[in-house]
Student: 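Starting off with a structure, shown below.
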Protein chains: 2
Amino acid sequence: MEHEPRELLQIMARRFGLLNKNCCSIGNNDISLIQSHILYEIARQHQPSMQQVADTLGMDITTFSRQVQTLIKKKLVKKTPLPEDRRVYILSLTVEGTFVTGAIDQMMNDYLEEVFSFMNDFEKETVMRSLKLLNDSMLKSKMCCTPMG
Amino acid sequence: MEHEPRELLQIMARRFGLLNKNCCSIGNNDISLIQSHILYEIARQHQPSMQQVADTLGMDITTFSRQVQTLIKKKLVKKTPLPEDRRVYILSLTVEGTFVTGAIDQMMNDYLEEVFSFMNDFEKETVMRSLKLLNDSMLKSKMCCTPMG
DNA sequence: CTCATTACTTGTAATTTGCAAGTTATGTAG
DNA sequence: CTACATAACTTGCAAATTACAAGTAATGAG
């Protein structure tokens with residue numbers, strides 16, 4: 001059975017996406033997949049602006065703006081004006097947002113731990129290194145994988 | 001720099017998703033990301049039914065039904081009643097659909113080839129094997145990555 | 001024949017989306 | 001200091017997407 005890179009990546013990305021989709025209902029909060037991505041990036045980046053997160057996710061800024069409004073209504077995200085440049089808003093998680101984001105992360109990692117349980121330590125290590133290598137290579141590529149393509 | 005499995009996968013899946021998103025405009029046809037996934041799966045599966053493809057993609061069948069209608073209007077997909085069970089429709093690509101799907105595939109593979117060009121043969125081989133292993137493990141997992149979670 | 005089930009479609013209403021056009025703030029040129 | 005371009009973000013709006021509920025048509029089971 002011949003496997004092209006695209007096929008392997010397509011199926012993996014899809015499976016991971018489905019996993020991600022299923023991880024979004026935490027307690028009372030019903031979080032959409034995109035919202036979970038936004039939370040994840042706010043947690044990961046250091047005091048990001050709206051534009052930064054939108055770019056990272058390859059989202060239209062207007063769509064992003066409205067999604068952030070929703071997350072603020074849910075009391076998961078906070079928007080702070082940047083003193084040095086008052087056009088800019090800095091995004092951060094509220095206490096509840098941190099909790100929800102952490103819970104999603106926990107669930108994802110539990111699931112992934114199960115996936116990795118089918119491998120031995122050597123395989124695990126190899127897979128992790130491969131993913132890192134792939135990510136680095138994607139970053140190096142000019143035409144690939146950036147929001148503007 | 002410590003990397004969790006989730007972080008690596010999340011970023012990779014996102015980058016691949018963005019790549020996929022950018023690959024969808026072929027000639028006059030403006031194909032959405034979801035439509036490109038549908039085309040891909042119809043090409044990949046052997047005479048799939050609607051339900052089969054919808055399940056593979058983890059999509060609601062009613063949403064899927066309408067997306068297929070759109071693709072039929074665009075003359076990219078054909079729906080054929082199955083003689084043995086007339087509730088079922090078999091999906092296939094039209095000539096134009098095959099062309100468009102092939103063009104998208106070509107573009108994706110060109111991009112990925114560039115990504116892999118940053119690796120030597122051994123690394124390439126390792127990465128491919130790792131992806132295969134990861135896919136297999138995801139398939140083995142019960143709780144992970146299936147449409148129903 | 002009846003009734004449950006499966007595969008798929010349509011009604012409908014809510015959500016999401018992105019372009020265009022706006023506001024406000026910053027930087028730059030004269 | 002006064003334009004004027006640009007950047008960051010928001011809103012208007014119309015179109016696309018979504019999913020639940022309810023429908024049709026075909027199959028299968030009792």
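Quantities reported herein were computed from a predicted structural model and do not represent experimental measurements.
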Student: I'd like to know if A:R66 reaches the base of C:dG18 with its side chain, counting only an N/O donor and acceptor under 3.5 Å.
Tutor: yes
Student: Let's test your reading of the model: under 3.5 Å, does the base of C:dT6 pair with the side chain of B:R87 as donor and acceptor?
Tutor: yes
Student: Per the atom types in the model, does the base of D:dG28 pair as donor or acceptor with the side chain of B:R86 at under 3.5 Å?
Tutor: no
Student: From CG of A:D85 over to P of C:dG27, roughly how many Å is that when rounded to an integer?
Tutor: 6 Å
Student: Taking atom types as modelled, find out whether B:Q106 and B:D110 have a side-chain donor-acceptor pair closer than 3.5 angstrom.
Tutor: yes
Student: Of the nucleotides D:dA19, C:dT9, D:dC9, which one has an atom closest to the side chain of B:Q69?
Tutor: C:dT9
Student: To the nearest angstrom, how far is B:L91 atom CG from C:dA7 atom P?
Tutor: 14 Å
Student: Describe the nucleic acid contact of B:Y89 in one word from base, sugar-phosphate, nothing, applying a heavy-atom distance below 4.0 Å.
Tutor: sugar-phosphate
Student: What's the closest nucleotide to the side chain of A:S65 if the choices are D:dT10, C:dT9, D:dC9?
Tutor: D:dT10
Student: Using a cut-off of strictly less than 4.0 Å, decide whether A:T63 has a side-chain nitrogen or oxygen near OP1 or OP2 of C:dT16.
Tutor: no
Student: A side-chain contact here means heavy atoms from C-beta on lying under 4.5 Å apart; do A:Y111 and B:S141 qualify?
Tutor: no
Student: With distance as the sole criterion, do the side chain of B:T62 and the base of C:dC8 form a donor-acceptor contact below 3.5 Å?
Tutor: no
Student: Rounding to a whole Å, what distance do you find between B:I34:CD1 and C:dT15:P?
Tutor: 19 Å
Student: Nearest heavy atom decides the nucleotide; on that basis, is A:T70 or B:I61 closer to the 5' end of DNA chain C?
Tutor: B:I61
Student: What is the distance from CD of A:Q51 to C1' of D:dT6, rounded to the nearest Å?
Tutor: 13 Å
Student: Can you check the A:D60 CG to D:dA16 C1' distance for me, whole Å?
Tutor: 14 Å
Student: Measure the distance from CD on B:Q67 to P on D:dA16 and round it to the nearest whole Å.
Tutor: 11 Å
Student: In whole Å, I'd like the distance from the CZ atom of B:F64 to the P atom of C:dT10.
Tutor: 15 Å
Student: Tell me whether B:K79 forms a cation-pi arrangement with B:Y89, defined as NZ or CZ under 6.0 Å from the six-membered ring centre and within 45 degrees of its axis.
Tutor: yes
Student: Report the distance from atom CD of B:Q35 to atom C1' of C:dT17, rounded to the nearest whole Å.
Tutor: 14 Å
Student: Just by distance, with hydrogens left out, do B:T56 and B:Q45 show a side-chain donor and acceptor under 3.5 Å apart?
Tutor: yes
Student: From C:dC8, C:dT16, D:dA8, pick the nucleotide closest to the side chain of B:S49?
Tutor: C:dC8
Student: Can you find a pair of side-chain heavy atoms, one from A:V77 and one from A:L93, that are under 4.5 Å apart?
Tutor: yes
